[in-house]
Amino acid sequence: MRVNSLSGRSILSVNDLSVDEFESLIDLSIRVKKSVKAGLFGLEKEGRIITLLFQKPSTRTRLSLEVAARMLKAHPIYMGAGETQLSRGEPIADTVRVFERMSNCIVARVNSHSDLVAMRRLSRVPVINALSDFEHPLQALADFMTLKERKGSLRGLKLAYVGDGNNVAHSLILGAAKLGVWMSVATPEGYRPSLEVIAAAKVEAEKTGAKIDVLSSPQKAVEDADAVYTDVWVSMGQEAEAKKKLEALRGYQVNAELMKLAKPGAFFMHCLPAHRGEEVSEDVLESPASVVFDQAENRLHTAIAVLYSVL
Ligand code: CP
Ligand code: NVA
């Protein structure tokens, strides 16, 4: 397993990775998974300290990173923000300058992406985005790994994303642009992905042959899609807007009727946790087309690849 150019680097956005680096991480994750399954896992980062600073709850991200760290013989130390002095008003800029003196790598789930940017500036060790209000790069890595495992190759595939133009959508759009994937996003007018993300993705897409469409019609977006992806309509931290968002997104549920318009055999994808009956119907989530638990498992293999590469 070669150590790539990521050594010592922070990853706050899919766009912190070159096309080569993003593809290498997917391929490394696929190799990691094979050796984990064969019981031949020999990667080590013995004794390294990986601190996890989380301002929001997590199941998959925390578990995958803690397990990945242990499999690398490193030591994960988790601190929920509520248990730290952040909860009593200590600035995150001070917090990170303590963490960086006691860690080889900081993994952070934050309310505000700008805090991650400040953390990277203030930290001499890599900072990894474990979800912010703007991106979820570790999720996109596992999602494209899942598609690559199933399809063999990513170039030219069509991925439809239906629902809220949120953090998960942003990382998928940036990833699709790097990987030559045709990404078709359907959201209501007021919940489009950020223009900045679309513009950056379009620049990259020029080079890789990817295509990025932003539409209003879920039916149009899923036409001919190899996979249909959705995420919750109300993300963590948006509870105050819940009523308004649920109303605006009502026509955007991924259900059997919508899946019928995708390519025959199209996969259903979701980063989880899912809200059955809102963004996805129970039958689609539980159908044979659903690869959501492969995506969840692949969070582990990609976490190993990322930690191994940056440490
Ligand atoms: N998909 C994901 O990031 O899940 P958690 O919020 O459980 O970590
Ligand atoms: N968009 C969701 C993703 C959760 C993994 C959120 O930010 O809550």
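Just so you know, residue 1 is the first one in the sequence shown, and it goes up from there. Counting starts at 1 for both ligands and their atoms, in listed order. Because the structure is predicted, anything quoted here is derived from the model rather than measured.
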Salt-bridge present ([X], [Y]; N to O < 4.0 Å):
{"X": "Lys37", "Y": "Glu297", "answer": "yes"}
{"X": "Asp226", "Y": "Lys263", "answer": "yes"}
{"X": "Asp294", "Y": "Arg299", "answer": "no"}
{"X": "Lys211", "Y": "Glu206", "answer": "no"}
{"X": "Lys220", "Y": "Glu223", "answer": "yes"}

TODO: Check whether any side-chain heavy atom of Leu72 lies under 4.5 Å from a side-chain heavy atom of Tyr308, and answer yes or no.
DONE: yes

Task: Any Phe144 side-chain heavy atom under 4.5 Å of Phe22 side chain - done: yes

Which of the ligand 1 atoms, numbered from 1, are nearer than 4.0 Å to a heavy atom of [X]:
{"X": "Cys271", "value": "1 (N)"}
{"X": "Gln139", "value": "1 (N), 2 (C), 3 (O)"}
{"X": "Leu272", "value": "1 (N), 2 (C), 4 (O)"}
{"X": "Arg299", "value": "1 (N), 2 (C), 3 (O)"}

Closest non-hydrogen protein atom to [atom], residue and atom name please, with distance?
{"atom": "atom 4 (C) of ligand 2", "answer": "Leu131 CD1, 3.8 Å"}
{"atom": "atom 7 (O) of ligand 1", "answer": "Thr59 N, 2.7 Å"}
{"atom": "atom 6 (O) of ligand 1", "answer": "Arg109 NH1, 2.9 Å"}
{"atom": "atom 3 (C) of ligand 2", "answer": "Asp231 OD2, 3.6 Å"}
{"atom": "atom 7 (O) of ligand 2", "answer": "Asn167 ND2, 2.8 Å"}
{"atom": "atom 4 (O) of ligand 1", "answer": "Arg60 NE, 2.9 Å"}
{"atom": "atom 8 (O) of ligand 2", "answer": "Met236 N, 2.8 Å"}

Task: Side chain, backbone, both or neither: Leu131 near ligand 1, heavy atoms under 4.0 Å - done: neither

Open item on the list: Taking Gly277's backbone N and O only, do any of them form a donor-acceptor pair with Ser281's side chain (distance below 3.5 Å, no angle check)?
Closed with: no

TODO: Using distance alone, decide if ligand 1 has a nitrogen or oxygen within less than 3.5 Å of any nitrogen or oxygen in Pro273.
DONE: no

- [ ] Compute the shortest N/O to N/O distance between Arg62 and ligand 1 and return yes if it is under 3.5 Å, no if not.
- [x] no

Task: Selection from Pro57, Cys271, Gly237, Ser235 by shortest heavy-atom distance to atom 2 (C) of ligand 2 - done: Ser235

- [ ] Determine, for Trp233 and Lys245, whether the Lys NZ or Arg CZ falls below 6.0 Å from the six-membered ring centre while staying within 45 degrees of the axis.
- [x] no

- [ ] Test the Arg150-Phe267 pair against the cation-pi criterion, namely NZ or CZ under 6.0 angstrom from the six-membered ring centroid and within 45° of the ring axis.
- [x] yes

Open item on the list: Between ligand 2 and Asp164, can you find any atom pair, the residue atom being a heavy atom, that is separated by under 4.0 Å?
Closed with: no

Open item on the list: Show the atoms of ligand 2 that are less than 4.0 angstrom away from any heavy atom in Leu272.
Closed with: 5 (C)

TODO: Could you tell me whether Glu241 atom CD has more than 12 heavy atoms of other residues or ligands within 6.0 Å of it?
DONE: yes

- [ ] Look at ligand 1 and say whether His136 reaches it with a heavy atom at a distance under 4.0 Å.
- [x] yes

